Colleague: 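One structure follows; several queries about it will come next.
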Amino acid sequence: MRTKLVVGNWKMNCGIEETKILLESILKNYNGANLNNLLQVCVCPSFTSLSTAFKILESNTIALGAQDVSINDNGAFTGEVSIAMLKELDCQFVIVGHSERRMYFKESDELINKKVKKILENNLTPIICVGETLEQKENNQTKEVIKKQIHGVTNNLSNEDLLKIVIAYEPVWAIGTGKNATPDQAEEVHLFIRKLLTLKSTINVSESISIIYGGSVKPENSKQLVAMENIDGFLVGGASLKSNLFLEIIHSF
Ligand code: 13P
């Protein structure tokens, strides 16, 4: 059985006070014990709120994740945050290659691949984002784009490494637009990703990798999406900032 995952990507929202309020509201109604124990929930606040979230989540089953990491260990890299700094705060997950970082900060598959290796060397779990733009979708390039991204970001990973990654399929046209991929559309791409991973490794390895979906996930669509064979959870943006919506999504499993 693959691990099911619900990850809240808070993006550049929630300072310290808002982080406290949001997390306390999630925890008040989050009954981890009633959930299928194969479901892992994780929140990824901004860097400045990680320490606050770390203290609040200390004895909880909700994991902490970061939204990015540097490929460098320390030194003169103004504005960067190292993996050791994330480990100090007990981060277990790191999102890498989000389309917003690819688009606004020109991150390449090669750089993302270096980040993935840094994360794996440090025994954290990378959540590696891939996804096509609206233009690419309309030009029927979805599979070509996804194939290139998957090959790039997983370059030179061993089977052992691949067993420790999470892939997030986030079609760019569905992010923050209210237009989610239909369950069939998402399933088709998830299955395609799994086949690519099989070709890179073995069927046993690819069948163990969690592939989660992101892009306008909300309580109204989460149940149908997660009913699909190859959708193993969600990377949630906007709806993860509202505790009631996030909890409803968690409870769709
Ligand atoms: P939305 O859920 O707001 O569409 O954002 C998705 C996303 O980018 C998560 O990483």
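No experiment lies behind these values; they were computed from the predicted model shown. Order of appearance sets the numbers: ligands from 1, and atoms from 1 within every ligand.
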Colleague: Output side-chain donor-acceptor pairs under 3.5 Å for residues 117-131, partner residues at least two apart or in another chain, one line each.
Modeller:
| unit_1 | atom_1 | unit_2 | atom_2 | d |
| --- | --- | --- | --- | --- |
| Lys117 | NZ | Asn113 | OD1 | 3.0 |
| Lys117 | NZ | Asn155 | O | 3.3 |
| Lys118 | NZ | Asp73 | OD1 | 2.9 |
| Lys118 | NZ | Asp73 | OD2 | 3.4 |
| Asn122 | OD1 | Lys87 | NZ | 3.3 |
| Asn122 | ND2 | Lys118 | O | 2.8 |

Colleague: Quick check: is Leu86 connected to Ile62 through a chain of hydrophobic side chains (ILVMFWY, heavy atoms under 4.5 Å apart)?
Modeller: yes

Colleague: Would Ser216 count as a contact residue for ligand 1, given that I'm defining contact as a non-hydrogen atom of the residue lying under 4.0 Å from a ligand atom?
Modeller: yes

Colleague: In terms of atom number and element, which parts of ligand 1 are under 4.0 angstrom from non-hydrogen atoms of Leu235?
Modeller: 9 (C), 10 (O)

Colleague: Return yes or no for this condition: an N or O of Gly176 is under 3.5 Å from an N or O of ligand 1.
Modeller: yes

Colleague: Quick check with a 6.0 Å cut-off and a 45 degree axis cone: is Lys143 positioned over the face of Phe192's six-membered ring?
Modeller: yes

Colleague: What distance separates His251 NE2 from Leu39 CG, expressed to the nearest 0.5 Å?
Modeller: 8.5 Å

Colleague: Mind checking whether Phe246 and Val41 have side chains closer than 4.5 Å, heavy atoms only?
Modeller: yes

Colleague: Within ligand 1, which atoms have a heavy atom of Gly238 less than 4.0 Å away?
Modeller: 1 (P), 2 (O), 3 (O)

Colleague: Pick from Val226, Ile212, Val7: which one makes a side-chain contact (heavy atoms from CB on, under 4.5 Å) with Phe234?
Modeller: Val226

Colleague: Looking at ligand 1, is there an atom of it that comes within less than 4.0 Å of some heavy atom belonging to Lys218?
Modeller: no

Colleague: Measure the CD1-CG distance between Ile56 and Leu22 for me, rounded to the nearest 0.5 Å.
Modeller: 9.5 Å

Colleague: Among all protein non-hydrogen atoms, which one is nearest to atom 2 (O) of ligand 1, and what is the separation to 0.1 Å?
Modeller: Gly237 N, 2.9 Å

Colleague: Using a strict cut-off of 4.0 Å, indicate which atoms of ligand 1 neighbour a heavy atom of Asn9.
Modeller: 9 (C), 10 (O)

Colleague: Please check whether Gly215 reaches ligand 1 - meaning an N/O of the residue sits under 3.5 Å from an N/O of the ligand, judged on distance alone.
Modeller: no

Colleague: Please could you name the atoms of ligand 1 that Glu170 approaches to less than 4.0 Å, counting only its heavy atoms?
Modeller: 6 (C), 7 (C), 8 (O), 9 (C), 10 (O)

Colleague: Where on Ala174 is there a heavy atom closer than 4.0 Å to ligand 1, on the side chain, on the backbone, on both, or on neither?
Modeller: backbone

Colleague: Show me the donor-acceptor pairs within less than 3.5 Å that the side chains of residues 165-181 make with the rest of the protein, sequence neighbours left out.
Modeller:
| unit_1 | atom_1 | unit_2 | atom_2 | d |
| --- | --- | --- | --- | --- |
| Tyr169 | OH | Glu132 | OE1 | 2.9 |
| Tyr169 | OH | Glu132 | OE2 | 3.1 |
| Glu170 | OE1 | His98 | NE2 | 3.0 |
| Trp173 | NE1 | Glu132 | OE2 | 2.9 |
| Thr177 | OG1 | Trp173 | O | 2.9 |
| Thr177 | OG1 | Ala174 | O | 3.4 |
| Thr177 | OG1 | Lys179 | N | 3.1 |
| Asn180 | OD1 | Asn221 | ND2 | 3.3 |

Colleague: Looking only at distances, please establish whether an N/O atom of ligand 1 is found under 3.5 Å from an N/O atom of His98.
Modeller: yes

Colleague: For ligand 1, is there an N or O atom under 3.5 Å from any N or O atom of Thr177?
Modeller: no

